[in-house]
Amino acid sequence: MRIEKKTLNDALRVLGKVVCQTSPVELYRSVRFVGDENRIRAMATDGVETVSVILDAFAETAIDFCVPFKELKDLVRMGRSETIELTGKFIEFPELEEPSADAISAILPVNFRELISQAASVIDRSNYRRLLQGINLSNAGVTATDGKQLLHLPCVLSLPKDVTIPFPSALLAAKTSEMGILRTWNNLFQVEIGNFKWHGKLLEGQYPNWRGVIPSAESHDYSITLHEVEKVLAWLKMISNQETTNGIELNVMPDGSVTLVSCIQPNFELNTSATVTGVRPRAVLTLDREIILRMLLQGYTTFKAHSDGLVPVIASGGAGQYIAMPIRAINKNPIPTNKENKEMEIENNVVEQQNANVPTAPVANPLDELNANVEEFRGKLKLLLDESGVLIRKVKEVALVQKQKERDFIQARRAIERIRMAI
C-alpha cells in the first residue's frame, strides 16, 4: 500500500487517541489497514472504542494487515520520501456489532464537532464519576458539567431519550466540518461524519438533572456585560493559576464601569468599561478565574446574576448557556461611616420598594447540592477503602497464622516419626 506522509500523519493524529502503546495486546497498540484498490480504511481500537478513517491511499489488491503505531510514527518522522510504502502482518481484528434494525438515528449538524469541542472544555477528566467525564446528548442539545459549572449548547437532535457518550478525544482530533449521523442501540453508539467513524459503548447511569440546575429568568435581577474582552483576557492571564479557589471579584462602580480584583492578589485589579442593568448588587459577584477565562474565550460576555449572590450565574452571548456557581467570598470592604450607612439605608429602601414584586430567589441551588453529594460519596468511598485495607491485613495475618500452624504440625509429625524409629 502506498500513502503520502502527510495523509498518514493526519490519520495517526486521530487514531492515536485510542491506541494504547503500552498494552501487552499487540492489536491494541497497532493500526489496521483494510480495503482494496477502491477504498482503504485505517482502524484502531483499545478494546472498548474503535475509530476508523478512510484514507487517500492506493493498493493494487485487497489488503488486511496491521502495523505497530510506534513504527508508523517513526516512518512519518524519519522518512525522506513524501510517499511511504506500507506492509505488515495479519492480526485477527474483532468484528464490530453493526446497528440493529431498531437502532435510533439522529442527524448531526455541520457544527457538531465545534459544539462538542466547547462542551469538552468544561469536563474534568480526573473526576472519579465516569458519567461526568462524558458529554450528554438529548433532543435539547449538547450538555457537559463537572459538578461546579455547566454548559448547555442547544441544537436539534432527534433523540427520544438522553444518551451520554465518552470523552470524544478522537472526534476532536478529526477536525470534521460536515453533517453526520449518530446511531444508538443496545447501549452502543456509532458516530459517522464524512470519512470518520467512531464506535463504542454509551456511559451507563443517570446523568445529573442539568435541566433543574438552570435557574429561571426571574431568579436574576441584574446583569453585567463586559466590552473590553481582550483587555480583560490579557489581565486574567497574568494571574497565576491556583489549584485551590482562585476567585475574581466583579465590583460594580458608581459610574457604571466594573473593577476586577483578584482574591489571591488583592492589589492586582483592572477597571474596564461595562454595561450594568437592573438593581445595584448587594453582594460582590465572585467567579473562578478559569471559569471566567473559558466563558470569555467562548464569547460569553454577559453575566446574569442575583444581587444577593445566592443563585447560579448564567453567562450569555455565546452559542448557548454557561452556568456557574459564584464563590461566596468574605466581604473585605471597610466598615462604612455613619453618613455612608444612612446613604446605603436610603438606597436599600428605594431598591426594596422598586423590587417589591420581584420573587425571592431560592436559597438552595442544585449545584451546591450536587457538590455536597459528591463530597459525601467521596468520604464514604474513602471509608470503605480504609475498611477494605484493614480486612486485607487481617486476612494476611490469618494466612500467616495458618501457615505457622502447618509448619508446627509438620515438625511435630517428624518428631513423632523419629521417636517411633528410635523405639
Side-chain angles (χ1 to χ4, degrees), residues 118 122 141 143 145 148-154 210-233 235-236 247-263 269-329 331 333 344 347-348 350-368:
Q118 293 182 36
V122 308
T143 309
T145 181
K148 300 178 181 179
Q149 54 187 328
L150 184 147
L151 178 61
H152 173 63
L153 303 167
W210 57 268
R211 294 174 177 85
V213 173
I214 301 177
S216 61
E218 294 79 11
S219 300
H220 300 124
D221 52 14
Y222 81 100
S223 67
I224 298 174
T225 301
L226 301 178
H227 300 313
E228 300 173 308
V229 177
E230 295 299 328
K231 179 180 176 182
V232 175
L233 285 173
W235 180 82
L236 289 171
I248 302 295
E249 295 181 353
L250 285 80
N251 296 273
V252 177
M253 308 307 291
D255 60 356
S257 63
V258 171
T259 298
L260 284 75
V261 181
S262 171
C263 292
E269 59 181 47
L270 171 71
N271 185 267
T272 181
S273 62
T275 299
V276 181
T277 60
V279 303
R280 181 175 179 179
R282 294 182 287 273
V284 177
L285 176 60
T286 306
L287 294 173
D288 185 78
R289 169 187 172 272
E290 294 299 317
I291 293 179
I292 295 182
L293 262 174
R294 197 172 296 116
M295 286 176 171
L296 295 179
L297 287 172
Q298 295 189 14
Y300 297 90
T301 57
T302 298
F303 308 102
K304 299 177 182 179
H306 190 268
S307 54
D308 288 332
L310 302 176
V311 180
V313 174
I314 294 183
S316 59
Q321 290 180 311
Y322 203 133
I323 295 91
M325 192 63 197
I327 300 173
R328 299 184 179 181
N331 186 11
N333 295 330
M344 291 174 61
E347 290 180 359
N348 288 336
V350 172
V351 169
E352 290 175 0
Q353 292 176 3
Q354 291 177 346
N355 299 277
N357 297 326
V358 176
T360 304
V363 176
N365 64 84
L367 280 177
D368 273 355

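Since this is a predicted model, take the numbers as computed values, not measurements.
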Minimal non-hydrogen separation, [X] against [Y], with atom names:
{"X": "Leu151", "Y": "Gln118", "result": "CD2-O, 3.4 Å"}
{"X": "Pro326", "Y": "Gly309", "result": "CG-O, 3.8 Å"}
{"X": "Pro312", "Y": "Pro215", "result": "O-CG, 3.7 Å"}
{"X": "Tyr222", "Y": "Val279", "result": "CB-O, 3.4 Å"}
{"X": "Leu287", "Y": "Met325", "result": "CD2-O, 4.3 Å"}
{"X": "Asp288", "Y": "Ile327", "result": "N-CD1, 3.7 Å"}

- Side chains of Thr272 and Glu228: is there a donor and an acceptor less than 3.5 Å apart? yes

- Query: Are Leu270 and Lys231 side-chain neighbours, meaning at least one heavy-atom pair lies under 4.5 Å?
  - Reply: yes

- Backbone of Ser307 reached by a side-chain donor or acceptor of Asp221 within 3.5 Å: yes

- Message: Please check: side-chain N/O of Arg289 versus main-chain N/O of Leu236, any donor-acceptor pairing under 3.5 Å?
- Response: yes

- Task: If the plane angle is over 60° it's perpendicular, under 30° parallel, otherwise tilted; pick one for Tyr322 and Tyr300.
- Result: perpendicular

Nearest-0.5 Å distance, [atom1] of residue [X] to [atom2] of residue [Y]:
{"X": "Gln149", "Y": "Met295", "atom1": "CD", "atom2": "CE", "value": "7.5 Å"}
{"X": "Ser262", "Y": "Ile248", "atom1": "OG", "atom2": "CD1", "value": "4.5 Å"}
{"X": "Thr286", "Y": "Leu260", "atom1": "OG1", "atom2": "CG", "value": "10.5 Å"}
{"X": "Leu150", "Y": "Ile314", "atom1": "CG", "atom2": "CD1", "value": "10.0 Å"}
{"X": "Arg211", "Y": "His152", "atom1": "CZ", "atom2": "NE2", "value": "7.5 Å"}

- Item | Which residues share a side chain to side chain contact (heavy atoms under 4.5 Å, CB included) with Ala274, sequence neighbours left out | Ile224, Leu226, Val258

- Query: Which residue pairs satisfy the salt bridge (charged side-chain N to carboxylate O under 4.0 Å, His left out) criterion with at least one member in residues 292-312, sequence neighbours excluded?
  - Reply: Arg282-Asp308

- side-chain contact (heavy atoms from CB on, under 4.5 Å) between Val122 and Thr145: does it pass, once the steps are laid out? CA-CA 6 Å; Val122 308; Thr145 181; 5.9 Å; no

- Task: Would you please test Ser219 and His306 for side chain to side chain donor-acceptor pair (under 3.5 Å) and show each step?
- Result: CA-CA 7 Å; Ser219 300; His306 190 268; over 6 Å; no

- Quick one: do Thr259 and Asn271 satisfy side-chain contact (heavy atoms from CB on, under 4.5 Å)? Show the steps, please. CA-CA 4 Å; Thr259 298; Asn271 185 267; 2.9 Å; yes

- Message: Going by side-chain hydrogen bond (donor to acceptor under 3.5 Å, both in side chains), Thr225 matches just one of Thr275, Thr277, Thr302. Which one?
- Response: Thr302

